[in-house]
Amino acid sequence: MTPRVLPGMTPVDFLIVRHGQTSWNKDGIIQGQADAPLDAVGLAQAAALANELAAPADSVRKRRTTLPTPQLPIVTSDLSRALDTASVLADAIAQAQAVDRRATGGNSGSPDKPNLGVSKLIANVETTEKLRERHVGRLQGLRLSEARAKDPKAWNAFRSKDDRVKIPNDGESYDDVWDRAVGFVEELAGKRARHQTDSQKALNSAAAADNKNDTTDPKKPPNQPTALVTHGGVARVLLDRCDRDVLALQDIGERTARTDGVDELATSNSTLHENENDGNVKPRRVRRPGVVPNCSVGWIRVHVSNDTQEEQLWETVVWGENSFLTEIQGDAEDAAGADYA
């Protein structure tokens, strides 16, 4: 699927990756910010994820998805289950790039990247506390099946429809997670958009200097996505942020459809609607599982205004993609565990 481009906005893409399975996931134990490591299945899932995303599009290894390869560095939660997943992915991408450079005899590495403003850099992986799972207070370490009975107050706070309610014993509210995770990605999207704009200006200047009589448009800088390796709860918060803009994007699609394909947005209209031929403009339906599977990938696009990076529209391109895990021991959906577990 080719995501749309909105006039007057710079597209910035992210791959939202949930970490691989942990022993606590398998046993249905609520993790939150407790730091349970990947188990053998989780490590195998991370390897399958890396094998899928690191393979070039023209590779002899057949890819099972149309997901793009993310740029380096990979940005991840600093909890070990996410960091270890990210490290496997980053190593595979770096090795693939090294092979490509040797094959071509040139330097095909990633272009200079903006400072992402995260806390730590380890071998093509940058870590941040902003992408940590929700802290679920007294529920951490309890089995999901027993949590309601053992601590009804904490459970009710966790399941509350009031997004302001915090979970007892230093737990976070939904709003707390939204503020840190969505705020982080919005800031990162703004930085990426500015970097792309600066790169485009540099390409324009270079093209003008090379051939003043050449009126062709210079090549656009690539919008290679940034992979964010995180947790089920945070992934769903980012999905909710995309859902907030569904009506605004639908309105843009309806207005564009009435221009008879005159502007740039109309050329990508087929990616936005289920059926263009029935005369009804419909928002695209994206698979949204009730549980975010371990090592599944979502692809979101953030449209950043060229006038102000604070004005953004988010949309989901792909969600819950895990077809590359079909050969891993156990069923990927069953192994997911509930959010926070």
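Atom set for the values below is all heavy atoms of this structure, side chains included, hydrogens, waters and symmetry mates excluded.
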Checking side-chain polar atoms at under 3.5 Å, does [X] have a donor or acceptor matched by the opposite partner on [Y]?
{"X": "Trp319", "Y": "Glu321", "answer": "no"}
{"X": "Ser87", "Y": "Asp84", "answer": "no"}
{"X": "Ser77", "Y": "His231", "answer": "yes"}
{"X": "Ser23", "Y": "Asp39", "answer": "no"}
{"X": "Thr10", "Y": "Asn306", "answer": "yes"}
{"X": "Asp162", "Y": "Tyr174", "answer": "no"}

[Y] reachable from [X] in the ILVMFWY side-chain graph, under 4.5 Å edges:
{"X": "Phe184", "Y": "Trp314", "answer": "yes"}
{"X": "Val88", "Y": "Ile93", "answer": "no"}
{"X": "Leu144", "Y": "Ile167", "answer": "yes"}
{"X": "Val297", "Y": "Val317", "answer": "yes"}
{"X": "Val182", "Y": "Val12", "answer": "yes"}

Going by heavy atoms in the side chains, are [X] and [Y] under 4.5 Å from each other?
{"X": "Val185", "Y": "Lys130", "answer": "no"}
{"X": "Arg132", "Y": "Arg180", "answer": "yes"}
{"X": "Glu315", "Y": "Cys242", "answer": "no"}
{"X": "His19", "Y": "Gln45", "answer": "no"}
{"X": "Gln31", "Y": "Asn25", "answer": "yes"}
{"X": "Arg138", "Y": "Lys150", "answer": "no"}
{"X": "Pro225", "Y": "Leu15", "answer": "yes"}
{"X": "Leu249", "Y": "Arg4", "answer": "yes"}

For the student: nearest non-hydrogen atoms of [X] and [Y], plus distance:
{"X": "Ser80", "Y": "Pro37", "result": "OG-CA, 4.0 Å"}
{"X": "Ala36", "Y": "Thr22", "result": "O-CG2, 3.6 Å"}
{"X": "Gly32", "Y": "Val136", "result": "CA-CG2, 3.9 Å"}
{"X": "Ala147", "Y": "Leu139", "result": "CB-CD2, 4.0 Å"}
{"X": "Ala235", "Y": "Val292", "result": "CB-CG1, 4.2 Å"}
{"X": "Ala227", "Y": "Leu89", "result": "CB-CD2, 4.4 Å"}

Donor-acceptor contact present, side-chain [X] to main-chain [Y], <3.5 Å:
{"X": "Arg63", "Y": "Ala55", "answer": "yes"}
{"X": "Asn124", "Y": "Ala90", "answer": "no"}
{"X": "Thr69", "Y": "Leu53", "answer": "yes"}
{"X": "Thr316", "Y": "Val318", "answer": "no"}
{"X": "Asn51", "Y": "Ala48", "answer": "no"}
{"X": "Ser160", "Y": "Ala157", "answer": "no"}
{"X": "Arg134", "Y": "Glu172", "answer": "yes"}
{"X": "Asp151", "Y": "Ala154", "answer": "yes"}

Taking atom CD of Glu311 as the centre, report whether more than 12 heavy atoms of other residues, nucleotides or ligands fall under 6.0 Å from it.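 It does not: Glu311 CD has 12 such atoms or fewer within range.
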Nearest 0.5 angstrom please: [X] [atom1] to [Y] [atom2], how far?
{"X": "His195", "Y": "Leu188", "atom1": "NE2", "atom2": "CG", "value": "11.5 Å"}
{"X": "Arg241", "Y": "Asp243", "atom1": "CZ", "atom2": "CG", "value": "10.5 Å"}
{"X": "Glu129", "Y": "Leu79", "atom1": "CD", "atom2": "CG", "value": "9.0 Å"}
{"X": "Gln21", "Y": "Leu325", "atom1": "CD", "atom2": "CG", "value": "10.5 Å"}
{"X": "Leu38", "Y": "Thr85", "atom1": "CG", "atom2": "OG1", "value": "4.5 Å"}
{"X": "Arg301", "Y": "Leu6", "atom1": "CZ", "atom2": "CG", "value": "8.5 Å"}

Before accepting this row, confirm whether a basic side-chain N of the pair [X]/[Y] lies closer than 4.0 Å to the acidic partner's carboxylate O.
{"X": "Arg164", "Y": "Asp175", "value": "no"}
{"X": "Glu52", "Y": "Arg64", "value": "no"}
{"X": "Arg192", "Y": "Glu187", "value": "no"}
{"X": "Asp170", "Y": "Lys166", "value": "no"}

Run Met9 and Leu313 through side chain to side chain contact (heavy atoms under 4.5 Å, CB included) and show every step you take. CA-CA 9 Å; Met9 306 190 88; Leu313 291 173; 4.2 Å; yes
Those residues that, when tested against Thr76, pass side chain to side chain contact (heavy atoms under 4.5 Å, CB included) (two or more places apart):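 Result, side chain to side chain contact (heavy atoms under 4.5 Å, CB included) vs Thr76: Ala82, Leu83, Ala86, Val125, Thr127, Val229.
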Residues which pass side chain to side chain contact (heavy atoms under 4.5 Å, CB included) with Asp91, listed by chain and number, not counting sequence neighbours: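 Asp91: side chain to side chain contact (heavy atoms under 4.5 Å, CB included) contacts with Gln95.
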Could you work out, with ring pair (Phe, Tyr, Trp, His ring centres under 6.0 Å) as the rule, every residue matching His303, not counting sequence neighbours?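 Residues passing ring pair (Phe, Tyr, Trp, His ring centres under 6.0 Å) with His303: none at all.
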Chi angles and distances behind the side chain to side chain contact (heavy atoms under 4.5 Å, CB included) call for Ser323, Thr65: CA-CA 7 Å; Ser323 59; Thr65 72; 3.4 Å; yes
Could you walk me through whether Arg81 and Glu133 pass the side chain to side chain contact (heavy atoms under 4.5 Å, CB included) test, one step at a time? CA-CA 11 Å; Arg81 58 191 185 271; Glu133 183 57 285; 3.9 Å; yes
